[in-house]
Amino acid sequence: MGEPRFNWADPAPWTALQRELGREFPSDFREIVDAYGSVSINGQLYLKHPAGHLLHSLGAMIRRDLELWREEDMREFLPGPVGSGPGELMPVATATTGEAVFLRVPDDAASPWRVLVQEFDSPAWTLYEMTFGAWFLAYLRGEDVTLCSRNLAPDGPFYESLS
């Protein structure tokens with residue numbers, strides 16, 4: 001994707017958001033978002049940072065998406081409830097192609113985080129038995145992880161800042 005330019009080091013925005021949600025984010029997710037900030041990747045995938053001064057804030061997106069996915073007519077599109085509790089799905093990214101990316105909160109401290117991608121235009125979803133970092137790397141390589149970047153990034157992965 002190229003060298004990161006955001007390189008956020010202050011943990012305060014993460015601490016505040018994690019306190020609000022009652023859950024720490026997985027370190028691989030934090031590291032990627034801290035390195036790149038709020039970005040559009042391959043003109044398709046949107047990642048957002050929790051820093052409050054940013055126009056595209058992770059906290060605002062999560063609050064909005066939790067409200068959306070908790071609506072009765074939206075629940076049928078996911079395999080379980082949204083939220084930050086054990087086994088729940090926390091929305092963390094979106095795509096221009098209509099998908100929503102969730103982190104599945106581990107059931108217990110010994111279990112790993114997983115990635116679930118929901119295809120917004122249908123009731124289809126896929127749970128990936130991999131960490132966010134592994135899923136993200138597969139996406140950047142053009143592997144089929146529901147979001148597929150091969151056609152959007154024929155010359156290799158790229159990103160543009162949203163902030």
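Residues T131 and P26 form no side-chain contact, since every pair of their non-hydrogen atoms from C-beta on lies 4.5 Å or further apart. Counting only heavy atoms from C-beta outward, the side chains of L45 and T94 never approach each other to under 4.5 Å. Contact check for Y139 versus N42: side-chain heavy atoms found under the 4.5 Å cut-off. Between E99 and Q118, every side-chain heavy-atom pair lies at or beyond the 4.5 Å cut-off.
Annotation for P50 and V33: closest pair CD-CG1, 4.3 Å, computed over non-hydrogen atoms. The nearest pair of heavy atoms linking P91 to M61 is O-CE, 3.5 Å. Annotation for V105 and G83: closest pair CG2-O, 4.2 Å, computed over non-hydrogen atoms. The shortest non-hydrogen separation linking A35 to P4 is O-CB, 3.0 Å.
In terms of hydrophobic clustering, with Ile, Leu, Val, Met, Phe, Trp and Tyr side chains grouped at heavy-atom distances under 4.5 Å, Y46 and L137 are assigned to different clusters.
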Audit row: I41, L140, side-chain contact (heavy atoms from CB on, under 4.5 Å) steps and yes/no | CA-CA 9 Å; I41 301 164; L140 293 176; 3.9 Å; yes
Hey, mind stepping through E3 and Y36 against side-chain hydrogen bond (donor to acceptor under 3.5 Å, both in side chains) and telling me if it holds?
-> CA-CA 9 Å; E3 287 298 314; Y36 290 94; over 6 Å; no
Report the C-alpha separation of R23 and Q18 in whole Å, then their side-chain angles, then the decisive distance to 0.1 Å, and conclude whether the side-chain contact (heavy atoms from CB on, under 4.5 Å) test is met.
-> CA-CA 5 Å; R23 174 76 50 201; Q18 291 172 155; over 6 Å; no
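Checked by atom type, the side-chain pair Q44/T96 shows no donor-acceptor distance below 3.5 Å. Side-chain contact annotation: D34 with W14, donor-acceptor N/O pair under 3.5 Å present.
Note on ring orientation: taking the six-membered ring where Trp is involved, the planes of Y128 and W135 are tilted (angle from 30° to 60°).
With rounding to the nearest 0.5 Å, the separation of CG in L78 from CD in E88 is 11.5 Å. Taken from CG in L103 to CG in L116, the straight-line distance is 10.0 Å, to the nearest 0.5 Å. Atom CG of L68 sits about 4.5 Å away from atom CE of M74, to the nearest 0.5 Å. Atom OG in S161 sits 7.0 Å away from atom CZ in R5 (nearest 0.5 Å). Atom-to-atom distance recorded for L89:CG and W125:CH2 is 8.5 Å, nearest 0.5 angstrom. Note: L47 CG to L162 CG = 9.0 Å, rounded to the nearest 0.5 Å.
Distance alone, capped at 3.5 Å, places no donor-acceptor pair between the S111 side chain and the D107 backbone. The backbone N or O of E160 sits nowhere less than 3.5 Å from a side-chain atom of S40 that would complete a donor-acceptor pair. Checking side-chain atoms of W69 against main-chain N and O of E71 turns up no donor-acceptor pair under 3.5 Å. At distances below 3.5 Å, not a single donor-acceptor pair connects side-chain atoms of R114 with backbone N or O atoms of R104.
Under a 4.0 Å N-O distance rule, the pair D144/R141 does not qualify as a salt bridge. For E20 and R63, the salt-bridge test passes: some basic side-chain N is under 4.0 Å from an acidic carboxylate O.
A centroid separation of 6.0 Å or more is found between the aromatic rings of F25 and W113.
Looking at V92, D65, V82 one by one, the single match for side-chain contact (heavy atoms from CB on, under 4.5 Å) with F102 turns out to be V82.
Within a 6.0 Å sphere centred on CZ of R70, heavy atoms belonging to other residues, nucleotides or ligands number more than 12.
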